[in-house]
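Below is one structure; the comments refer to it alone.
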Amino acid sequence: MPTDSRPPLPYDHLPPVPSFTVTSDDVAEGGTLDDDHVYEEGNVSPHLRWEGFPPETKSFAVTCYDPDAPTGSGFWHWVVFDIPASVTELPHGAGTGDMPGLPAGAIHARNDWGSRDFGGASPPPGDPPHRYVFAVHAVDQEKLGPDADAAPAYCGFNLRFHTLARAQLVAHYGR
């Protein structure tokens with residue numbers, strides 16, 4: 001896929017941090033999202049598993065961002081933080097409905113759909129396939145600071161100063 005005219009990925013303009021590994025039973029790096037992860041279809045968050053993060057990690061945050069959304073500011077599909085450091089996997093659907101498998105204490109901020117959950121892909125018909133950046137952030141404190149009413153940008157601001165390392169998985173979806 002040509003990327004020369006597309007916006008950069010969301011963390012390209014931030015100071016670099018070490019990376020670790022994130023994988024999924026539902027989404028492959030560079031692959032296409034299934035309809036299950038599309039807003040108008042299943043609207044279900046994918047399974048994610050991570051390893052190789054720094055030992056001083058005190059919590060995690062998980063985000064999903066579409067830098068190709070026609071908004072001028074991209075589109076945040078998922079923002080969940082204060083995931084305990086002992087948790088290294090979220091099951092399929094953890095950010096959906098009654099949040100099955102989301103650990104106690106984890107906080108969902110509002111996504112750009114305006115809800116506190118995973119909001120699936122929904123690029124405009126005719127757009128080239130959009131990129132969906134699933135990121136797991138290893139955080140240096142147990143509580144990131146924002147509450148569930150925080151905007152995704154404010155959560156990102158806090159993550160900028162408290163991320164020890166980051167893992168990314170980029171998938172695509174188009175109509």
Side-chain angles (χ1 to χ4, degrees), residues 3 6-31 33 37 45-69 73-96 99-112 116-119 121 130-172:
T3 58
R6 291 183 175 215
L9 292 176
Y11 307 106
D12 289 352
H13 66 279
L14 295 177
V17 295
S19 63
F20 57 101
T21 303
V22 60
T23 59
S24 174
D25 292 346
D26 298 329
V27 179
E29 173 64 33
L33 292 174
H37 310 297
S45 61
H47 163 267
L48 297 172
R49 175 187 315 106
W50 52 92
E51 63 185 6
F53 49 87
E56 61 272 21
T57 300
K58 296 193 176 160
S59 69
F60 295 101
V62 172
T63 59
C64 178
Y65 178 75
D66 172 1
D68 304 316
S73 61
F75 198 93
W76 291 96
H77 289 266
W78 199 13
V79 180
V80 60
F81 54 92
D82 293 354
I83 298 169
S86 60
V87 175
T88 58
E89 185 171 12
L90 293 180
H92 178 90
T96 312
M99 311 299 173
L102 194 67
I107 297 173
H108 261 111
R110 286 191 191 279
N111 57 37
D112 282 341
R116 289 185 185 98
D117 56 8
F118 172 78
H130 287 205
R131 296 167 293 168
Y132 296 87
V133 181
F134 291 88
V136 180
H137 311 261
V139 179
D140 67 0
Q141 50 193 31
E142 288 181 17
K143 301 293 181 188
L144 185 61
D147 61 22
D149 290 325
Y154 182 62
C155 296
F157 174 83
N158 281 274
L159 285 169
R160 155 59 178 89
F161 296 101
H162 295 287
T163 296
L164 297 168
R166 181 179 307 107
Q168 296 183 94
L169 187 155
V170 181
H172 304 89

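Because the structure is predicted, anything quoted here is derived from the model rather than measured.
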Practice task
Have a look at P46 and tell me which of D25, V27, T96 forms a side-chain contact (heavy atoms from CB on, under 4.5 Å) with it.
Solution key: V27
Completion exercise
From the list V136, T88, L164, side-chain contact (heavy atoms from CB on, under 4.5 Å) partner of F53 resolves to T88
Close side-chain approach of [X] and [Y], heavy atoms under 4.5 Å:
| X | Y | result |
| --- | --- | --- |
| W78 | N111 | no |
| S59 | L144 | no |
| L14 | R166 | yes |
| R6 | P67 | no |
| T23 | E51 | no |
| F81 | N158 | no |
| I83 | L90 | yes |
| R131 | D66 | no |

If you compare all heavy atoms of [X] against all heavy atoms of [Y], which two are closest, and at what distance to 0.1 Å?
| X | Y | value |
| --- | --- | --- |
| S45 | F118 | N-CD2, 3.4 Å |
| D117 | G95 | CB-O, 3.2 Å |
| F75 | H77 | CD2-NE2, 3.3 Å |
| P84 | F60 | O-CD1, 3.7 Å |
| A148 | R116 | O-NE, 2.9 Å |
| H47 | D26 | N-OD2, 2.6 Å |

With rounding to the nearest 0.5 angstrom, report the [atom1] to [atom2] distance, [X] to [Y].
| X | Y | atom1 | atom2 | result |
| --- | --- | --- | --- | --- |
| E89 | S24 | CD | OG | 9.5 Å |
| Q168 | T63 | CD | OG1 | 8.0 Å |
| L48 | C64 | CG | SG | 9.0 Å |

Exercise for the section: Taking atom CZ of F157 as the centre, report whether more than 12 heavy atoms of other residues, nucleotides or ligands fall under 6.0 Å from it. Expected result: no
Exercise for the section: Check the surroundings of atom CD in E142: do more than 12 heavy atoms from other residues, nucleotides or ligands lie under 6.0 Å from it? Expected result: no
Practice task
Check whether the side chains of H162 and D140 place a donor and an acceptor atom closer than 3.5 Å, and report yes or no.
Solution key: yes
Exercise for the section: Begin from the C-alpha positions of H37 and F134 and carry the test ring pair (Phe, Tyr, Trp, His ring centres under 6.0 Å) through to its verdict. Expected result: CA-CA 12 Å; H37 310 297; F134 291 88; 7.6 Å; no
